Chemist: 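Would you mind keeping the following structure in view while I ask a few things?
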Amino acid sequence: MDITKIIEPLNDAQRQAVTTPSSAALILAGAGSGKTRVLVHRIAWQIRVEGLSPHNILAVTFTNKAAKEMRSRIEELLNLPTHTLWIGTFHSLAHRLLRRHARQAKLPDTFQVMDSSDQLRIIKRILNSLGLDEAKWPAKQLQWFINAQKDEGIRARHSQETKDPYQQQMLAVYRAYEDYCDRSGSVDFAELLLRVHELLRDNDDVLAFYQQQFKQVHVDEFQDTNTIQYAWLRLLTRENHNLFVVGDDDQSIYGWRGAKIENLYHFQKHYPDHQLIKLEQNYRSTGIILKAANQIISQNGGRIGKDLWTDAGEGELISIYSAFNELDEAYFVVERARAWVNQGGMYSDIAILYRSNAQSRQFEEKLMATNIKYQVYGGLRFFDRAEIKNALAYLRLMSNHNDDASFERIVNTPTRGIGASTLDVVRQIARDQQISLWNATEFIIKEKRLSARASNALQLFLKLVSELVVSSSDLELAEQVKLIIERSGLLAFYKQDKADKGEEKAENLEELVNAAKLFDANQENPDNLSELDLFLAYAALEGGDSQADDFEDHVKLMTLHTAKGLEFKIVFLVGMEEGLFPSQQSVDDISRLEEERRLCYVGITRAMRKLYLSYSESRRLYGRESYPKPSRFIREIPIDIIEEVRIRAHVSRTLVTPVVKNERLYVGSEYKLGQRVRHDKFGEGVILQIEGSGQQERVQINFKQVGLKWLMSAYAKLMVDI
DNA sequence: TTGTTCCAGCTTTTT
DNA sequence: GCTGGAACAA
């Protein structure tokens, strides 16, 4: 038994966490402090030393990536396959439990997992059938409402009577949505969690069984759990307090989607016997970078509190660049990236991190113009692509004829002469008789409710799907998929579509066959469930990677949220401006502002060797030019670890080139102090100040309607003849 | 049924 | 100022 391998590579705090005899433990793990390592070694310790069977260990993560990594690291450490170890995301574990106990969870055996776009589709349909105006009742908002209710464990019937007509209407939609889900056997993401909670809460035998089975429960990124997730963790560990959680209150950045940082505080109350261990030694960044991170995060209130330290030395100062405009900012970043590579570095050492996706563009353009390879992370995942979802919808409809979302999706894809008016009739009948679209279609054909042509088209569609069921029943999964994309006409449809990247979409469909093959080969299926259903759930729950691995050396671009958990030698944190980061929507609310600050902390702590911050003095956003102030987060960094980059030599080049053709128009000022002018939007006003010249000239105007404004003369289109 | 035009919206994202 | 989706026309 090789205990040294488990214990040796750890520092004192890590070792304490890994070997703690206490059942309940809270490991407060700072950025880069070896959080995953602790979890991996802890589980290995329990198997090797405490003699637990892998089967008795549950470990929950938020992403499939984290789950996969943890499993493979445990296998590597123990040199032992661990397929009996219960490790996975909250959602995939919930799915597994619901498949096992479908009946007790009051679900049909064939229930299907729908993703958020399926959900949105259904909600739109419901809004429509309730006769609600989409302009006044945006489907997105209803979706948000429903998910938020579910995340809090609230069913439509639980909500107290409310007098507020707005609230009443939302609840009515929620109720109708629940009805639909029950009828069609569809389960959305939030429902997976809520169902499991109800399953455990209402079935003593099931709860006792799993309490018995899971001798130790581990949770990664505990600060990101929501109410319902924590509720089922509590149920599972109610008897033995065998809950080991790892988290960092300073890295909670998902409050806006229901994560409850409070769960960390509640944990301390609910498990009074817990051990609190802080991991504060950082193995990633330089002393300077940590100093900046510590200083910024210390501005937040209500922290449990910790300070990161390293024995790796101070490292380089943090460089701050103040750009003229966003083009100049991109220029700066690309120049520095190039310099790094010229000194022997790799482009893959570099990450450009921004607050919002819209910011990626300027960098992409500059990188492309400079012939530097880059990749934007995040975005559409493989199983989210329209063509893939269409193919899956065929499979889903084959598996469950009552899946209205899939029915709607493919009934006329590829086009087969089933138009909107025909579908309106189908929907109407489905609604009146409370039956699925499939059954309504059968009814229509039998009762001859439509013209021969429409009826015929519908008939052909039903026949197509039914025949696919028959002819694919004996095939392997991948063969099934292949048959479906061919016989449904999808493949041909995309192949002949020259305009809309049809080629690529056809290729993706073929890739889906591969994905099915791979899934087939790796599938464990211990509970012997329908393979097709498992594949469909896999597609909904895993989504696939957003891009294929690119082995070429490239710069990485991503949002700060996406960067969480990653590390890079060189980090450019760009767009450090008030209104952008922190985001305008967050500046007036202290708790949201603190979340922005945590996001900044996350961003800074991604950097291993060198951190660059940049902001722009002028920024074009949503078609408007703005003159943002540098982000308050910059001011929160101690001045002595900052160096301002002052290279303006190249700036004239970037600035002058695009501007030249207008320059001439604005030699000297067109305006005088006190002059009366009129503006398209702001109406009439008087010029109070003039600053700068040429393209950079700004005028301050006192408008009758809206008061004082600074405007760029070049863009303001002021009328003077009044 | 397709192509066009119009119009709102515009943080962050996983499952 | 751009994008995606919906409404509209041919």
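In what follows, every chain begins at residue 1, and chains take the letters A, B, ... in the order their sequences are listed. Only a predicted model underlies this, so the values are computations on that prediction, with no experimental measurement involved.
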Chemist: Would you classify A/F62 as touching base, sugar-phosphate or nothing, given that sugar-phosphate means primed atoms plus P, OP1 and OP2, and contacts are heavy atoms under 4.0 Å?
Modeler: sugar-phosphate
Chemist: Which one, B/dT15, C/dC2, B/dT12, comes nearest to the side chain of A/W256?
Modeler: B/dT12
Chemist: Within this structure, what is the CG-to-C1' distance between A/L541 and B/dT15, rounded to whole angstrom?
Modeler: 6 Å
Chemist: Nearest to the side chain of A/T559 - B/dT13, B/dT11, B/dT15?
Modeler: B/dT13
Chemist: Does a salt bridge link A/D224 with A/R598, judged by any charged N lying under 4.0 Å from a carboxylate O?
Modeler: no
Chemist: Does A/S184 use its side chain to pair, donor to acceptor, with the backbone of A/Y180 at less than 3.5 Å?
Modeler: yes
Chemist: For B/dT15 and A/R257 - does any side-chain N or O of the residue sit under 4.0 Å from the phosphate oxygens OP1/OP2?
Modeler: no
Chemist: Any idea if B/dT11 is syn or anti, going by the 90°-from-0 cut?
Modeler: syn
Chemist: Think A/R355 has a side-chain N or O under 4.0 angstrom from the OP1 or OP2 of B/dC10?
Modeler: no
Chemist: Considering only the P atoms, how many Å lie between B/dT13 and C/dG4, rounded to the nearest integer?
Modeler: 16 Å
Chemist: Under a 4.0 Å N-O cut-off, is there an ion pair linking A/R121 with A/D404?
Modeler: no
Chemist: Please report the distance, rounded to the nearest Å, between CZ in A/F383 and C1' in B/dT14.
Modeler: 16 Å
Chemist: Output the single nucleotide from B/dT13, C/dC2, B/dT11 whose closest atom is nearest the side chain of A/H561.
Modeler: B/dT13
Chemist: Measuring from the side chain of A/N412 (C-beta onward, heavy atoms only), which nucleotide among C/dT3, B/dT1, B/dT15 has the closest atom?
Modeler: B/dT1
Chemist: With a 3.5 Å cut-off and no angle check, do the side chains of A/D533 and A/S399 form a donor-acceptor pair?
Modeler: yes
Chemist: In whole angstrom, what separates A/L120's CG from C/dG4's P?
Modeler: 16 Å
Chemist: Would you mind listing every salt bridge (charged side-chain N to carboxylate O under 4.0 Å, His left out) that reaches into residues 410-424 of chain A, with sequence neighbours excluded?
Modeler: A/D424-A/R427
Chemist: Determine the Euclidean distance between corresponding C1' atoms of B/dT12 and C/dG5; express it in Å to zero decimal places.
Modeler: 22 Å
Chemist: Answer yes or no for A/R99 and A/F111: cation-pi contact, defined as NZ/CZ to six-membered ring centre under 6.0 Å and angle to ring axis within 45°.
Modeler: yes
Chemist: In whole Å, what is the span from the CD1 atom of A/I253 to the P atom of B/dT12?
Modeler: 13 Å
Chemist: Please compare A/S586 and A/T415 by the position of their nearest nucleotide in DNA chain B and report the one closer to 5'.
Modeler: A/T415
Chemist: Rounded to whole angstrom units, what separation is found between the OH atom of A/Y377 and the P atom of B/dT12?
Modeler: 19 Å
Chemist: Which protein N or O atoms sit under 3.5 Å from an N or O of nucleotides 6-10 of chain C?
Modeler:
residue: C/dA6; atom: OP1; partner: A/K124; partner atom: NZ; Å: 3.2

Chemist: Tell me: CH2 of A/W144 to C1' of B/dG9, nearest whole Å?
Modeler: 18 Å
Chemist: Checking all strands, does A/E221 fall into the base, sugar-phosphate, or nothing category for heavy-atom contacts under 4.0 angstrom?
Modeler: nothing
Chemist: Check whether the side chains of A/T225 and A/K260 place a donor and an acceptor atom closer than 3.5 Å, and report yes or no.
Modeler: no
Chemist: Determine whether a donor-acceptor pair (N or O, by modelled atom type, separation under 3.5 Å) exists between the side chain of A/R355 and the backbone of A/T559.
Modeler: no
Chemist: Among the nucleotides B/dT13, B/dT2, C/dG1, which one has an atom lying closest to any side-chain atom of A/Y254?
Modeler: B/dT13
Chemist: Respond yes when some side-chain nitrogen or oxygen of A/R624 is under 4.0 Å from OP1 or OP2 of C/dG1, and no when none is.
Modeler: no
Chemist: Give a yes or no on whether a salt bridge exists between A/E326 and A/R620, defined as a side-chain N under 4.0 angstrom from a carboxylate O.
Modeler: no
Chemist: How many whole angstroms separate atom CZ of A/R96 from atom P of B/dT15?
Modeler: 18 Å
Chemist: Does A/N357 reach a base, just sugar-phosphate, or nothing at all? Heavy atoms under 4.0 Å.
Modeler: sugar-phosphate
Chemist: Need to verify one output field. Residue with the more 5' nearest nucleotide on DNA chain B, A/E595 or A/S116?
Modeler: A/E595
Chemist: Decide yes or no, distance alone: a donor-acceptor N/O pair under 3.5 angstrom between the base of B/dT12 and the side-chain of A/T562.
Modeler: no
Chemist: Quick one: the side chain of A/R592 and the base of B/dT12, do they pair up donor-acceptor inside 3.5 Å?
Modeler: no
Chemist: Please work out if A/N64 contacts a base, only the sugar-phosphate, or nothing of the nucleic acid, heavy-atom cut-off 4.0 Å.
Modeler: sugar-phosphate
Chemist: In whole angstroms, how far is the C1' atom of B/dT14 from the CE atom of A/M114?
Modeler: 16 Å
